[in-house]
J.: 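Right, I'll just put the structure down here and ask away after.
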There are 4 protein chains.
Amino acid sequence: MSASPRTARGVETRRKLLAAAERVFADHGYHEASVSRITDRAGVGQGTFYLYFDTKLDIFNELVEDLNHRVRQAMSEGARGATSRLEAERAGFAAFFRFTAEHPALYRVVREAELVSPDALRLHYTRIVEGYIDGLRDAAEDGEIGDIDPTVAAWALMGIGEMIGMRWVLWGDPDAAPGDDADPTASGTREVPPHVLDEMMRFIGGALGRPELAGDRRDGAPEKEES
Amino acid sequence: MSASPRTARGVETRRKLLAAAERVFADHGYHEASVSRITDRAGVGQGTFYLYFDTKLDIFNELVEDLNHRVRQAMSEGARGATSRLEAERAGFAAFFRFTAEHPALYRVVREAELVSPDALRLHYTRIVEGYIDGLRDAAEDGEIGDIDPTVAAWALMGIGEMIGMRWVLWGDPDAAPGDDADPTASGTREVPPHVLDEMMRFIGGALGRPELAGDRRDGAPEKEES
Amino acid sequence: MSASPRTARGVETRRKLLAAAERVFADHGYHEASVSRITDRAGVGQGTFYLYFDTKLDIFNELVEDLNHRVRQAMSEGARGATSRLEAERAGFAAFFRFTAEHPALYRVVREAELVSPDALRLHYTRIVEGYIDGLRDAAEDGEIGDIDPTVAAWALMGIGEMIGMRWVLWGDPDAAPGDDADPTASGTREVPPHVLDEMMRFIGGALGRPELAGDRRDGAPEKEES
Amino acid sequence: MSASPRTARGVETRRKLLAAAERVFADHGYHEASVSRITDRAGVGQGTFYLYFDTKLDIFNELVEDLNHRVRQAMSEGARGATSRLEAERAGFAAFFRFTAEHPALYRVVREAELVSPDALRLHYTRIVEGYIDGLRDAAEDGEIGDIDPTVAAWALMGIGEMIGMRWVLWGDPDAAPGDDADPTASGTREVPPHVLDEMMRFIGGALGRPELAGDRRDGAPEKEES
DNA sequence: AATGAATGAGTGTTCATTCAT
DNA sequence: TATGAATGAACACTCATTCAT
């Protein structure tokens, strides 16, 4: 039923719908977001929506796909120029957290995807993880990290990033009691504090078999302090 | 409006409703789960629901709370008897994965809670993390692990468990292509393969500054030290 | 199904239910008043209600009946001892307004009765009007008032009392703009200002053919009309 | 959410809904009138209602407003051409009773408004009363009536009209016992008998200080007016 | 290409009433 | 006499989707 736009005007309308949908999904989640809210924000008639998308799920999936591209691009751009795997990892995480802070939609939309469109979620995570796996494999070949299983490690890294991002970016102030910040749209602009990022990288560095590369205060580390 | 049951019959009805709700939420998620589906499955009239719960959100929150208790109990029971922090960690994760496999509701309900009842989600994660933090602090005092920041580490562990659990328990077969397993109710009985658990623990062991305790094949650790 | 109470305890319970119903109907109106609210306020179980009343409409009708008795008693007590019809009228109205101020339920319940139980409403008004008619007839025989049709006059008096009561007792401050006092339960304690009562009685005095008896400032009419 | 119709079709649909609502509210009152009954009678889908009205209360308020305009227009049209205040009053009342007979909804809807939408009720009465007040003030300046307080008199007139209208128009036959006419839809076509209108106007004429202008059989007025 | 109108199945929730104890 | 449990029909309202223009 829906079709690709054939005119410049159509292309523009489709774009407006996607942009509006990102805002609306981010603000309200999938279920509370109504097609009419999307078309309202896009400034088009309700029927116009179905010119470009078959269903509400359709535009949602496209949006998840799009966010996936953008976050991966942000991460690899962030990591570009890093001179070691861990440096790349750190830069990638930093980019990921920055992206999350700027687009809290990512978290919300993606996590909601689990129930709404499980395939979209799997694809999203899988693609990011694949990037990790490749990087880890290269680093292992170069002896840069230990011989940890890259698949398991990649999923673990994914989980760390997700949870730290949720905790420090989405929730914000560590001391905020639950309930202090109930408005989900209000909390999307925090940063991961530097020491948290440091500790997280030390954690990851150790995990990957190169504690000394992550900077350290680690007990059994031969040269560095304590000695 | 809702009240606690005052008779045995009422207690039983309330229990049936909670059990039904767990099933229905797990199968369909919060939004697709309708009160009438819950009451149907519980075998009671629709109005009966409101004798014991004020709103649909109410029973959802109670369920999240309940699941939180149960998973934490499962984890600490699993970890009981461990002789080291890492052993406890491993046993705790194993218990967590087992619980997840038996109650896929946990994942689905909890993750959806983010949009439906953010406080419930935060409380859930925070409580589990607090358990981690205590354990890590004790272990650090005993010199069992490195001096990693316990809060950051705890959230990282939480994320690892979540993601590994999602990947290997909920999704099941690593090679299953997305789309092969779209029915969310069909995939709740997998186990985390032993080697994945092993690798995960090596990852965590390294992260916590005691790679050698986690068992290893690590490059830079020729024949364990510590001897 | 319902029965008269056979024990002192039952009499008491029935009384509690009626008292609770008056409060609840007054506060919420017929439709918003639920049986459970009534039983809650009465401090009895929900089922107990149906021991004494067949339906919600039943207790409502009984309440209207009861209020009717009470307001008529208040009015005739107020009027007792008056030495002329107009004095009696004034005292009766004053009593009526006082009763209204103390029991705003009267107005609300009675007016709602029009749709809920039209018979109850008619009976209520008719009974009060019959009292007026009798009084007017007597007064006419005594030459105390003009020979106005007592039935029409009685209904007119009823209407005047109702409207003045609504305007000055229920609504309160004459200058309050609509909306300033939207809470219907908050405005039941006003009084009809003395000059309003005075003017009203002058109006009625003239209507009944005895302007001079009502006190007057009437234009050029030292002793009746114009001549 | 609701919007003004943008096409002729929409205008027509909205009109049908209002007309249906007037019938349904008049027949059943606010609470028994369900949106689905309204849409059924209008011959549109249930959802269509919410295209033009936000809530059931919304259309109710609009209806009260509309009825207020119409009754005031009917009254001033009825009074147009009267050569004295009392003549105008009589014509106005006659128009009011005629309108009531043709639109019994007025009474029912407006009286129920007291509980449903108190502001609407106050506005309704206040607007009519303001018309009375203006007329009375003019008449007083012209010496046409006594110097009665116009505000109090206006509310009194409002009450008289309401009550006489209820008694003779809505209830119909004076001798009908309560219960004979329980169907509220069946009684909307009566007229106020001429002698009742006559007596009512004599009552009012006396009240306003000009008994002789209202026609009379008054004791102290041996051979009619003015001569 | 665009749109406003229309729909009807579906939602969470309420409540007068019945009944077993 | 008293009650808490249970019910199911009913309600106001929402929304993804279709369609005529």
Side-chain angles (χ1 to χ4, degrees), chain A residues 1 3 5-10 12-14 31-39 44-57, chain B residues 1 3-14 31-39 44-57, chain C residues 1 3 5-10 12-14 31-39 44-57, chain D residues 1 3-14 31-39 44-57:
Chain A
M1 304 223 162
R6 277 171 218 288
T7 68
R9 187 183 170 201
E12 170 62 10
T13 300
R14 192 175 201 282
H31 288 97
E32 299 302 310
S34 63
V35 172
S36 78
R37 250 201 271 240
I38 294 173
T39 53
V44 304
Q46 219 177 137
T48 305
F49 180 91
Y50 292 89
L51 246 34
Y52 300 105
F53 304 95
D54 281 333
T55 64
K56 184 180 155 188
L57 184 56
Chain B
M1 305 226 165
S4 296
R6 257 165 250 273
T7 68
R9 187 184 174 201
V11 170
E12 169 62 10
T13 301
R14 192 178 200 281
H31 288 97
E32 301 301 312
S34 63
V35 171
S36 76
R37 249 199 270 242
I38 293 172
T39 52
V44 303
Q46 229 180 120
T48 305
F49 179 91
Y50 293 91
L51 243 34
Y52 302 108
F53 304 96
D54 280 332
T55 63
K56 182 180 153 189
L57 183 56
Chain C
M1 305 222 164
R6 275 170 221 289
T7 69
R9 186 183 170 202
E12 170 62 9
T13 300
R14 191 176 201 282
H31 288 97
E32 300 302 311
S34 64
V35 171
S36 78
R37 249 200 272 241
I38 293 172
T39 53
V44 304
Q46 220 176 135
T48 306
F49 179 91
Y50 291 91
L51 246 34
Y52 300 104
F53 304 95
D54 282 333
T55 64
K56 183 181 155 188
L57 183 57
Chain D
M1 307 225 162
S4 297
R6 256 163 251 274
T7 69
R9 189 184 173 201
V11 170
E12 169 62 11
T13 301
R14 192 178 200 281
H31 288 97
E32 300 302 312
S34 64
V35 171
S36 76
R37 249 200 269 243
I38 294 172
T39 53
V44 302
Q46 229 180 121
T48 306
F49 179 91
Y50 293 92
L51 243 33
Y52 302 108
F53 304 96
D54 280 332
T55 64
K56 183 180 152 187
L57 183 56

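Below, read A as the first sequence line, B as the second, and so on, with proteins coming before strands; counting in each chain starts at 1. Computed from a prediction, not measured in an experiment: that's the story for all the values here.
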J.: Rounded to whole angstrom units, what separation is found between the CZ atom of A:R6 and the C1' atom of E:dA2?
T.: 16 Å
J.: Can you tell me which stems DNA chain E forms when a stem means 3 or more consecutive Watson-Crick or G-U pairs under 3.5 Å?
T.: E:2-21 with F:2-21
J.: Rounding to an integer number of Å, can you tell me how far D:I38 CD1 sits from F:dC13 P?
T.: 11 Å
J.: Take the protein atom CZ of B:F49 and the nucleotide atom P of F:dG8, then report the distance between them rounded to whole Å.
T.: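 Spelled out: CZ on B:F49 to P on F:dG8 is 17 Å.
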J.: Considering every strand and a 4.0 Å limit on heavy-atom distances, what is the contact class for D:P5: base, sugar-phosphate, or nothing?
T.: sugar-phosphate
J.: Between A:G45 and B:R37, which is nearer to the 5' end of DNA chain E once each is assigned its nearest nucleotide?
T.: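 Looking at the nearest nucleotide for each, A:G45 comes out on the 5' side.
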J.: Using a 4.0 Å heavy-atom cut-off, does B:T48 contact any base of the nucleic acid, only the sugar-phosphate backbone, or nothing at all?
T.: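 The answer is base, as B:T48 lies within the cut-off (heavy atoms under 4.0 Å) of a base atom.
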J.: Kindly point out which of E:dG12, F:dT17, E:dA6 is positioned nearest to the side chain of B:V35?
T.: E:dG12
J.: B:D54 CG to E:dG12 P: how many Å, rounded?
T.: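 Distance, rounded to whole Å: 15 Å.
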J.: What is the nucleic acid contact for C:A33, judged by heavy atoms within less than 4.0 Å: base, sugar-phosphate only, or nothing?
T.: sugar-phosphate
J.: Taking for each residue the nucleotide of DNA chain E bearing the nearest heavy atom, is the 5' side occupied by C:T55 or by D:Y52?
T.: D:Y52
J.: For the side chain of C:V44, counting heavy atoms from C-beta on, which of E:dA1, F:dT3, E:dT11 is nearest?
T.: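 Of the options given, the side chain of C:V44 lies nearest F:dT3.
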